[in-house]
Amino acid sequence: MPYSTLRNKIKARPLRIIFIFYWFLLAYILAALIFWYIDLNGQNQELTQLRFNAVSVNDVHYIQKTNRIQKARDRKTAQYMGEGITFLLMILAGAFYVFRIIKRQLVQSEQQKNLMMAITHELKTPIAVTRLNLETMQIRKLEPTQQQKLIRSTIEEANRLNTLCNNMLFMSQLDSGASSLANERIDFSNLTLDCATDFIVRFPDRKIELNIQEEIIITGDKLLLQLAINNLLDNAIKYSGKEDVVLVKLFKIQKKVKLQVIDQGIGIKTSEKEKIFEKYYRGEGMQAKGTGLGLYLTKEIVKQHNGNISIKNNELRGSTFEIQLRGSKNT
Ligand code: ADP
């Protein structure tokens, strides 16, 4: 069964049952409140009638007494109304609060389940490929070119595992509030070049072009920035075709350092441009492998470096992701 179908099936059922129960309970409480009001009001009317009956028409104080009875009835009606409205507001406020909490909890637990499935999927492929490659090299005597190809593919899978582990590690640090930023001097030009070169080696069949201004220095956390660049490059490769060019541009305008990863791939709908940075969000009907964490973590990393990340359509087709950071004073 495709992963996305499995994900949707798991999502739908418990949510529906819990929400049916919730709405039933809320409707029951509101109905009980309305009946309580009708019942008390009825008793009030009956009591008023009995009091009216007890006053004789010949009584010299008839008008004052009936006025007093009417006032007492109106006071009671106002009291019941006031109490009813107060209870209604309290119930609605409580119901709204509980609704939000339940919804958040359910969404979180679904996301955790989805994440576990996605990670399992992500882990299985590199492990299976690595094992197959190694077994092939062990059993068969291969030509050096074939051997190189298998080694390259094994390294590619190991790198994918490495990125996945780094993403998970950073995410657990974020969740526990334990993420601390190293504040080192980084040659951002070299770092970008190293990351891009790594992808060029990993994907020799892909067209990756570089336009990197030299000696751009920033301060920050090298490992985290490396992770952010790798996530953008990974997506650019993943969401574009074999013939499409991926361009990595790094330049500095005044004190602003701009890193752009430009692809000619499937592009991103305007309605999704905000959502793709949410935790666990994956594009509609996404078939490519992924956990929905890459851009969320990239945005967090950029935020921690007091920068920002934006996305626009590539003029040709595809997308341009731009990270903007502050350049170091001593650049
Ligand atoms: P993942 O790639 O694991 O799904 P990400 O957080 O990296 O998670 O990306 C979230 C979503 O954003 C993806 O599922 C995809 O729909 C969309 N996306 C990210 N990068 C690109 C890109 N370069 N081109 C088109 N869509 C993209």
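One-based numbering, in listed order, for ligands and for the atoms of each. What you are looking at is a predicted structure, and each value in this text was computed from that prediction instead of being measured.
For atom 3 (O) of ligand 1, the choice among Thr291, Ile311, Val246 with the nearest heavy atom turns out to be Thr291. Atom 24 (N) of ligand 1 has its nearest heavy-atom neighbour, among Tyr296, Phe321, Tyr239, Tyr280, in Tyr239. Proximity annotation for atom 5 (P) of ligand 1: of Leu297, Leu295, Val261, Ile276, Leu295 comes nearest, heavy atoms only.
Between Asn231 and Thr298, the side chains place a donor N or O and an acceptor N or O closer than 3.5 Å (distance only, hydrogens not considered). A donor atom on one side chain and an acceptor atom on the other are not found under 3.5 Å apart for Ser319 and Asn313. Neither side chain, Gln147 nor Glu143, offers a donor N or O lying under 3.5 Å from an acceptor on the other.
Close N/O approach between Tyr281 and ligand 1 is not found [any backbone or side-chain N/O within under 3.5 Å]. Considering backbone and side-chain atoms alike, Gly290 places every N or O at 3.5 Å or more from each N or O of ligand 1. Between Gly292 and ligand 1, an N or O atom pair is found at a separation short of 3.5 Å.
When heavy-atom distances to ligand 1 are checked against a 4.0 Å cut-off, Glu272 has no atom that comes that close, whether in backbone or side chain. With a heavy-atom cut-off of 4.0 Å, Thr298 does not touch ligand 1 at all. Within the 4.0 Å heavy-atom criterion, neither part of Phe277 lies near ligand 1. Residue Asn231 does not touch ligand 1, judged by heavy-atom distances below 4.0 Å. Under 4.0 angstrom from ligand 1, the non-hydrogen atoms of Ile268 all belong to its side chain.
Residue-ligand proximity, Gly294 to ligand 1, at heavy-atom distances under 4.0 Å covers atoms 5 (P), 6 (O), 7 (O). Taking every heavy atom of Lys238 and a limit of under 4.0 angstrom, the matching atoms of ligand 1 come to 1 (P), 2 (O), 3 (O). Here is the list of ligand 1 atoms found below 4.0 Å of a heavy atom in Leu293: 6 (O), 8 (O). Close contacts of ligand 1 with Ile266, meaning ligand atoms under 4.0 Å from a residue heavy atom, involve 25 (C). Below 4.0 Å from some heavy atom of Arg282 lie the following atoms of ligand 1, by number and element: 1 (P), 3 (O), 4 (O), 14 (O). Close contacts between ligand 1 and Ser319 involve ligand atoms 24 (N) [criterion: under 4.0 Å to a heavy atom].
With sequence neighbours left out, Asn235 forms a side chain to side chain donor-acceptor pair (under 3.5 Å) with no residue at all. With sequence neighbours left out, the side chain to side chain donor-acceptor pair (under 3.5 Å) criterion links Gln260 to Glu322.
Remark: Lys258 is not positioned above the aromatic ring of Phe251, lacking an NZ or CZ atom under 6.0 angstrom from the ring centre and at most 45 degrees off the axis. Arg202 forms a cation-pi arrangement with Phe199, by the criterion of a distance under 6.0 Å to the ring centre and an angle within 45° of the ring axis.
In the hydrophobic clustering of ILVMFWY residues, with side-chain heavy atoms under 4.5 Å counting as a link, Ile229 and Val245 come out apart.
Heavy atoms of other residues, nucleotides or ligands lying less than 6.0 angstrom from NZ of Lys76 number 12 at most.
Each of Ile212, Thr219, Leu250 was compared with Phe188 under the side chain to side chain contact (heavy atoms under 4.5 Å, CB included) criterion, and only Leu250 meets it.
Looking only at side-chain heavy atoms (C-beta outward), Asp244 and Arg317 come within less than 4.5 Å of each other.
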